[in-house]
Each structure stands twice: as structure tokens, then as C-alpha cells.
Amino acid sequence: MKKREKIAIGVILLLIIALGIALFMLFSKDKTYTVTFDSNGGSEIAPITLNKNSQLILPENPVKEGYDFVQWELDGVKVTNGYVVTKDVTLTAVYKEAEVLIEYVTVTFDSDGGSTVDKVTLEKGSQLTLPANPTREGYSFDKWVDESGNPVETGIVVENDMTIKAVWIKKQPSAPSTPSTPSTVAVSSISLNKSSLDLIIGNSSSLSATISPSNATDKSVKWSSSDSSVITVDSKGNLKAVGIGTATITATSSNGKKATATVSSNVESITLTVTNSDISKYNGATNSTTVKVTTSPSVDSKYITVSYPDATGPNAVAYGTNNGDGTYTFTARDNWSSVPVSIPVTATVGNKSSSTSFNVEPELKLTYVGANVNGNSLTVVSGNSFDIIGNLQIKCRVNSKFVSSINYYSSERKFTVSVINEGSHPDGFQMDIRTNAGQQKIVSVTVNLQ
């Protein structure tokens, strides 16, 4: 290709490129974009259309009740005047809660020669409560008025500082009074300082009466008790607890007006003491127990009630006897069950009570495992062990050189006895088995070779 042809082709290419750039610049210059405003609950803002790469001038801030406008944001980023628009965008308004400014106003009182009345400060727009009326010697208070002479009453709404003034009416001289004959002022009511009171027997307290009105002519009071064997009262309202129970104390005025109080008397504490916690009628056991009732302070037994529901009647496993001196004796009967029976005993004085219990055992039954049994005689093999199992909790006494170990398992009520491996022992040894109530069984053990 000739040089002249190459130059011509190059010029044509340059013209084509220049034409493309010119066309691009022409069309891109006319491209427009829309900026939309999301006021986020505030007043509506119209969208703005701008040419590409134009700088945005933000509109007036939107208004949202209870909030202050903070800024416009695009994807969480603050947008300000001068933002270059290169595409359609939506700007979102961001607010913060508006600060509430509390304004106060002052109301000043001009008593116009009367007693001083302190000024009042209150929130603007709130209602005024007028103070107590001032006083002025020789005058009667009439009303309050504002600076324009308009009457001011409680409940007006105060928007600005203001001064209100007292209006007075001059008193007229009164005619000489005629001496009056003193009249009798009757009692309208009587009240007591307490409506109820709890005392410990033997202790003292008091009630006081108030007569109304305070200027009653006859303020005398008569005192009485509904049960003086429980609570006594003297002419001055002094009380003493002398028995167990409750009494109503009445104060009566000279003209029959009454006021009452309920007063209770009781012991401070009740204690039950049991001599034997477990009894039984079988196998030489302790067959009775005594429950002693004591109170603090001590009171006559007539005030004490003792109940034992499971120790009465022909089928009870024990029966109780009141000894008359604050003690109760309980004697075991047949217990046909396989477990001890608990007998509850409750002592009550007035509105207080205390409880205890004791157990009545059935007959002790023993079972043997790992030994040949003949009544209460056992034959065991030298070097082996055997079990003694009771229907009750049991204790074991044994003092024998033939026993290498003895262990008790309370949950199974079982003794496991290990015998030494030293040949036969025809004379053997004895084991003393006892229960909590003292039931006793002697178990004889003979040791043989295998």
C-alpha cells in the first residue's frame, strides 16, 4: 500500500473517533436524573430533576410533629448541598425527638395592706390555685382582681407573669354584745387509741379515750370489761390480763356515747416434753410414755386442752390418761401392722398450740439369710457371713471372738455378720437384738465347718 493511501486511512479513522466523542458529549450532556425525597413521616417534599453531574441544592427541611430535622441521608451517609447527581436517587430524612422546653410564670399577690401572701411560680398554661385569704384588721377580704380589675378565681389558666390584688370591705362597728349565759356542750363522739390489743397473761397495758368536741362540758369516761375473769380494767383505762381468752373493753361517755376495743390474753409459749419417743407392749419393751405440758408463763391446767386422736377408742394402738397435773400417760396396745404407728399429741391454750408425737412399735420379727434356722438359734459355716433382717430399726450387741465384722444397713433394717474362718465352734456365741422401744431377742449362733 502506498504511503499516501495509509495517510488517508489514518485521517478517516481520526475523523470517525472525533465524531463519536462529539456525539457522546452531545447526548450525555442532555441526560437528566431525578432526586426523590422520603420525608419519613414529615411534610411532603417535591422531587427535583437535574442534569447529569449537576450539583444538588437541598430543599427546605421537612417538618415532623414532635421531632427536629437532622439531615438527609443516602444509604446511611449524610447528603449536603453540592452533592453531584450521577443517577436517580432517593434521599431519606433523619430526625431526633424534639426537646420540650418548659416555661414558668410567676403570680404575685398584692394584699393591699393585708397579711403577706407569697408569690407562686407555675408552669405556663397551667391552672392557678389561690392561696388562703389574707387578713387585715378592720376589714373583711372580698376577692382577688387582676390589673384590669377583673375577678380572679381558682382554676384560671396563667399564660404570663401577673400581679393580682386583694379587694377589702371595711367592717362596720358592732353593737355592744349582751353577755350570754354559758351553755352546755354535749359529747358528740368518743374514740380509743387502739381497736385491738394482745396481752400475755399476768401483764398489764392501758387504753386512752378521746372525747369530741374538745370543749365538751363533761369529759368523764366510764370503763367496763365484758369478761373480768380474762381482762380487768380500772377507772383510768388500765388493763390487766388475769385469764386466758378475749374480752371487749368499752369506754362510755357521760351522755352514753361508746367506743370498744378487743383485748386478748394468752401464754407466750407452750412446750411438750416426751419421756419415751418409742413404746411397745412386746418382748419386754418400754410400754408407756409421758407427755408433759408446760407453758410460759405457767397457767392453771383448766386453760390447757390436749388432744391425741390416734390414742382413743378401742382400736387405737395406745390409750392416753390425763394425770390432772399437766402430764399425760400413754400405754401401748397391740399394733397389728408391720411398721410403727406415730401418735400425735397437741396442746392448745387460747389461740396458741404446740404438737409432738411418739411411736408405737409392732412386735419385732426377725428374718435370717445365709444360716440354718431353728427358732432363734442359727447354725453358720465358718468363714461365711449371714444377714439378720428386722421389720423395725434394730440394734445389735455382740462380744465374740468368732465375729470378724458386723455392718448395719438402716435402709434395709439389716445386720450383715461375718464369721472368722477358724474351724468349728459348737459353743458359738449370742447376739442381743433390740429395737428403739427396747424389744429384745437373743439369737444363739453355732459355727460349723463346711
Side-chain angles (χ1 to χ4, degrees), residues 114-115 117-118 129-142 153-154 169 171-270 295-305 347-354:
S115 56
V117 178
D118 294 334
T129 299
L130 290 174
N133 295 334
T135 58
R136 181 180 177 186
E137 188 173 356
Y139 292 85
S140 297
F141 178 81
D142 182 24
E153 297 180 351
T154 290
I169 299 174
K171 293 181 180 179
Q172 298 299 321
S174 57
S177 59
T178 302
S180 58
T181 302
S183 59
T184 299
V185 178
V187 175
S188 61
S189 66
I190 181 172
S191 60
L192 298 179
N193 61 324
K194 297 177 182 178
S195 61
S196 63
L197 187 61
D198 293 322
L199 298 178
I200 300 300
I201 187 170
N203 290 357
S204 300
S205 187
S206 65
L207 292 171
S208 61
T210 300
I211 295 291
S212 295
S214 59
N215 63 339
T217 303
D218 187 350
K219 296 183 179 180
S220 62
V221 176
K222 182 180 179 181
W223 296 89
S224 62
S225 171
S226 65
D227 191 346
S228 57
S229 67
V230 176
I231 305 293
T232 62
V233 60
D234 66 12
S235 60
K236 296 182 179 180
N238 296 314
L239 309 173
K240 185 169 184 179
V242 295
I244 300 296
T246 301
T248 299
I249 304 301
T250 302
T252 306
S253 69
S254 59
N255 62 346
K257 303 293 183 181
K258 296 180 184 293
T260 61
T262 302
V263 183
S264 298
S265 172
N266 211 337
V267 294
E268 187 170 5
S269 63
I270 305 171
T295 63
S296 177
S298 179
V299 295
D300 192 293
S301 60
K302 68 180 181 180
Y303 295 118
I304 304 173
T305 301
T348 302
V349 179
N351 58 8
K352 289 190 176 180
S353 62
S354 180

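The chain is numbered in sequence order, starting from 1. None of the values given here were measured: they were computed from a predicted structure.
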_Interatomic distance, Y303 atom OH to T295 atom OG1 [nearest 0.5 angstrom]_ = 11.0 Å

_Is there a side-chain contact between S140 and K171 in this structure, where contact means two heavy atoms from C-beta onward sitting under 4.5 Å apart?_
yes

*Under the side chain to side chain donor-acceptor pair (under 3.5 Å) rule, collect the residues that match up with N255, sequence neighbours excluded.*
S253

*asked:* Among residues at least two apart in sequence or on other chains, which ones pass side chain to side chain contact (heavy atoms under 4.5 Å, CB included) with T129?
replied: T154

*Which residues pass the ring-ring contact (aromatic ring centres under 6.0 Å, His included) test with F141, sequence neighbours left out?*
W144, W168

Which pairs of donor and acceptor atoms, one on a side chain in residues 225-252, lie under 3.5 Å apart (sequence neighbours left out)?
from, atom 1, to, atom 2, distance (Å)
S225, OG, D227, N, 3.2
S225, OG, D227, O, 3.3
S225, OG, I231, O, 2.7
S226, OG, T248, N, 2.7
D227, OD1, S229, N, 3.1
D227, OD1, S229, OG, 2.4
D234, OD1, K236, N, 2.9
D234, OD1, G237, N, 3.1
D234, OD1, N238, N, 2.8
D234, OD2, N238, ND2, 3.0
T246, OG1, S264, OG, 3.1
T252, OG1, K258, NZ, 3.3

*asked:* Taking side chain to side chain contact (heavy atoms under 4.5 Å, CB included) as the definition, give me every residue that meets it alongside N203, ordered by chain and number, with sequence neighbours left out.
replied: I200

*Any luck finding a side-chain donor-acceptor pair between N266 and D198 under 3.5 Å?*
no

Acceptor/donor pairs from residues 206-220 side chains to any protein atom, 3.5 angstrom cut, sequence neighbours excluded:
from, atom 1, to, atom 2, distance (Å)
T217, OG1, V185, N, 2.7
T217, OG1, V185, O, 3.4
D218, OD1, S220, N, 3.0
D218, OD1, S220, OG, 2.8
K219, NZ, S214, O, 2.3

_Test your reading of the model: is there a side-chain donor-acceptor pair from K352 to the backbone of I270, 3.5 Å cut-off?_
no

